[in-house]
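Everything on this sheet refers to the single structure shown next.
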Amino acid sequence: MEDPWKIIEDGYHPEDNRLYESLMSLGNGHMGHRGNFEEDFSGDSLQGSYAAGVYYPDKTRVGWWKNGYPEYFAKVLNGTNIIGIHVYIDGKAVDLGQIQPKNFTRVLDMKNGCLDRSFTYDVHGKSFDFIIKRFLSYDTPEIGAIAYQIHAKDDAVIQFAPYLDGNVHNEDANYDEFFWENCSQYCGPDYGTITMSTKKTGFTVHTAMKSTLHSKAGLFTEPASYKSDDRYAEHLYESHVKAGESVTLYKYFSLVTDRDHDISKLTAHGKTKLEEAAELGFDKLYSAHTDKWAEIWKEADIEIDGDVAAQQGIRFNIFHMKQTYNGEDPRLNIGPKGFTGEKYGGSTYWDTEAYCLPFYLSTSHEDIPRNLLIYRYKHLDKAIENASKLGLRGALYPMVTMNGEECHNEWEITFEEIHRNAAIAYAIFNYIRYTGDEAYLSEYGLEVLLNISRFWADRVNYNPYKDCYMMLGVTGPNEYENNVNNNWYTNLMASWTLEYSLEALDWVKKNSPKRAEEVLEKYSFTDSELETWKDITEKIYLPEIEELDVFAQQDGYMDKEQILVSELSSEDLPLNQKWSWDKILRSCFIKQADVLQGIFFLSDRYDIDTKRRNFDFYEPRTVHESSLSPCVYSIIAGEVGYHNKAYELYQRSARLDLDNYNNDTDDGLHITSMAGTWMSVVYGFGGFSTSDGVAKFNPFLPKQWNALNFHMLFRDRLLVVGIDKDNVTIEMVSGDPLDIEIYEKPYKLSTDKPVTVATDHSRAID
């Protein structure tokens, strides 16, 4: 049976090693690495260690260069291997790729934020038990530690050679380029270091290690020997072990960068942090680390009773979200793979605003989601520059970026998938609606909103024959449609952004008139320009399929052959691995929520019947081959009464990586979609929404579960929502009294007065 707090590789599966390396990645917001072995491994592996914010502008590689293409694709860099330990038994290197271990387990302990391994290894007719624990400190993010223990069943000479190795490459390098310049390496009896700088971007990363050996013979703080070479530093410890004895190597390592410290003090800072860690010792470091994780789970945990797979899935998603981003550095954002792999370059996508912000709003204090918005505000000038490269006014935020510049090089994404602008505008609205921080509008939000709206107003074109505004040549969220006219979602959200921007401007004029005047003057907005925006919102063209009374994904969608996913052979799926791109583009099949994405964002505009009709039409045509898709469909399925379907889609979202649904987990996890999984619980089963400062709940419990409990922060209150087959109970752990609604009835919630109502089962229609 699966453990709801652990991911377990039970038995040795070298053919799936990359998969488990992804699943068992560790991170702490500052650095991270895949779940690689510490000792030598000659089998298939993607070794990966990453430092947050450190990237390289890899030269673009395309078959046909088009004017306006970005010249580079920014990539998170595989950095110095900081976890490595060569292990020798009687002179022979331990290598699980050469000699298969017995009793092998690799365990990701999500409750405590650590990676454990154990196995039995036989060599030279002798047998040894290995027990290994590794963690990256959440308490001291520049520090990590490893406890590597070997219990000998026979007499042997055991050698440990902890090392740092900067001779690393990115598998996804476009031209097999080595991205690092070597600055220095040092290895002495006290510690070892590697310092390297990135080419072009000039980030300097300093790594250091220090080890101690504990055996029956005593404590050894200095190695028997040490050496350094180009980008390499190594210590060697040796122990003569008798049968029945154990020996343990503790390796401490630090990673510091000039993003956070003056480069002249980098080495000294790294050394200080390392010495402090070694002085404190493994157990105390680990205890401080687990205390931090206990605090995280106290505010962010979700408990599901009666379904271990679902429970394990949601905790896995929450765990990796919290590992990836802690919100302390406003220069950082959330990459689609986090610290788990190289795919997608580790850059920022629209996923952050569309999917991740709600997670951090409810599981973090307000300064953290605010930092996510400020990240985009600081890139406004670059967004204006990006729009100008397309010959347009206003701001076009990039589809893929590290520093605000567009760095994606596929035509349909770089130039057509402009709907990403709307997610940023919506995030500002969503943040203010959730937190009540309306001051954000005047401080930062208004500038972003007005410039995004200026882009939309320039990008639409007026059709005098139909007296409406249209948007031609776009790609909507469904990337299995390119260069279409009038994508419903894009047109809808462009119009909504214009409308909201005008409302925001009115609010700032009323509450901070000098700031409003300053912004209008800074960007030369005129009354006539703003009047045009009103005209666009009134006359935007939103295509419909009139005979079915549903929204049309885009013009011409019904010209396609209308077949359903259920009519496809299993041999056809996934389409993106089995069909030609030409065949996909000519089909009616949908990669991810498109029309449904708009209905989800602007939910209060549409009644249940409208949502149900559109769900009934589009879900059977959706292959869910984007990790971002199942969660949105799950939320809407629950809302319209399809509770079994909501559960089915939740399981697909929650266990997307754990069960490797799309056969692509080996190159990294789908981090940003994990936030969507959280939404499918809190917004879907929990039925959460908010308006006018009121927290609203319309929950239901899947029949597969006995109970659901989740924690959430809302306007400086910590709430616990419990749902079982009989009752819904909402408690306030801390904070001032709060107005809430349950099943559309008002209640007053306080710390001494929880609210309990009967669970409503009447909405289920499947």
Side-chain angles (χ1 to χ4, degrees), residues 302 304 306-318 351 354-355 358-359 477-478 480 489 553 564-566 568 570 573-576 589-601 603 606 608 611-665 669-670 672-689 698-705 708 710 723 763-766:
I302 291 176
I304 297 170
D307 190 337
V308 175
Q311 174 69 88
Q312 183 193 54
I314 190 60
R315 283 194 175 131
F316 178 75
N317 285 260
I318 294 170
D351 308 13
Y355 294 85
F359 172 81
N478 172 28
Y480 288 175
Y489 171 80
Q553 184 174 264
L564 307 182
V565 177
S566 60
L568 293 172
S570 60
L573 299 171
L575 297 184
N576 58 19
F589 295 117
I590 300 166
K591 181 182 180 185
Q592 68 190 80
D594 195 304
V595 167
L596 273 291
Q597 184 76 44
I599 291 174
F600 168 65
F601 272 168
S603 179
Y606 307 106
I608 292 297
K611 294 175 181 179
R612 187 180 294 120
R613 286 195 304 273
N614 281 276
F615 184 94
D616 289 346
F617 181 77
Y618 284 109
E619 201 284 329
R621 292 163 171 78
T622 303
V623 290
H624 300 295
E625 288 175 11
S626 165
S627 64
L628 302 175
S629 186
C631 60
V632 171
Y633 278 95
S634 175
I635 293 167
I636 296 176
E639 191 177 359
V640 302
Y642 298 155
H643 292 181
N644 288 333
K645 189 67 175 179
Y647 172 80
E648 171 196 323
L649 290 163
Y650 161 77
Q651 286 289 72
R652 178 164 183 159
S653 178
R655 300 192 62 85
L656 177 76
D657 287 312
L658 288 174
D659 295 335
N660 199 13
Y661 271 106
N662 290 342
N663 195 32
D664 61 356
T665 301
L669 305 179
H670 298 83
T672 49
S673 76
M674 292 177 173
T677 301
W678 177 91
M679 285 198 298
S680 67
V681 175
V682 175
Y683 289 18
F685 305 131
F688 172 76
S689 63
N698 285 284
F700 72 94
L701 189 72
K703 65 182 181 182
Q704 295 85 351
W705 299 352
L708 166 66
F710 60 87
I723 309 160
R763 293 178 299 146
I765 61 175
D766 63 357

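What's counted below: heavy atoms across the whole structure, side chains too, no hydrogens, waters or symmetry copies.
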| Phe710 and Phe685: aromatic ring centres closer than 6.0 Å? | no
| Side-chain contact, heavy-atom cut-off 4.5 Å: Tyr650 with Thr677? | yes
| query | Under 3.5 Å, side chain of Arg612 to main-chain N/O of Glu639, donor-acceptor pair present? | reply | no
| field | Result of checking Thr622, Asp594, Leu596, Ile590 against Ser629 for side chain to side chain contact (heavy atoms under 4.5 Å, CB included) | value | Thr622
| said: I'd like to know if the side chain of Gln597 reaches the main chain of Tyr489, judged simply by a donor and an acceptor atom lying under 3.5 Å from each other, with no hydrogens or angles considered. | reply: no
| query | Hey, is the main chain of Ala654 close enough, under 3.5 Å, to the side chain of Asn317 for a donor-acceptor pair? | reply | yes
| Would you call the rings of Tyr647 and Trp705 parallel, tilted or perpendicular if under 30° counts as parallel and over 60° as perpendicular? | perpendicular
| Under 30°, 30 to 60°, or over 60°: which ring-plane class applies to Phe359 and Trp678, parallel, tilted or perpendicular? | perpendicular
| field | Between CZ on residue Arg613 and CD1 on residue Ile608, distance to nearest 0.5 Å | value | 11.5 Å
| Is a side-chain donor or acceptor of Tyr633 paired with a backbone partner of Lys645 at a separation under 3.5 angstrom? | no
| said: I'd like to know if the side chain of Asn478 reaches the main chain of Tyr480, judged simply by a donor and an acceptor atom lying under 3.5 Å from each other, with no hydrogens or angles considered. | reply: yes
| message | Checking the side chain of Gln311 only, and the main-chain atoms of Ile302 only, is there a donor and an acceptor separated by less than 3.5 Å? | response | yes
| query | Checking Asp657 side chain against His670 main chain: does a donor-acceptor pair fall under 3.5 Å? | reply | yes
| query | Quick check: does any side chain N or O of Lys703 sit under 3.5 Å from a backbone N or O of His643, one acting as donor and the other as acceptor? | reply | no
| message | Do His624 and Glu619 pair up side chain to side chain, a donor and an acceptor below 3.5 Å, judged on atom types alone? | response | yes
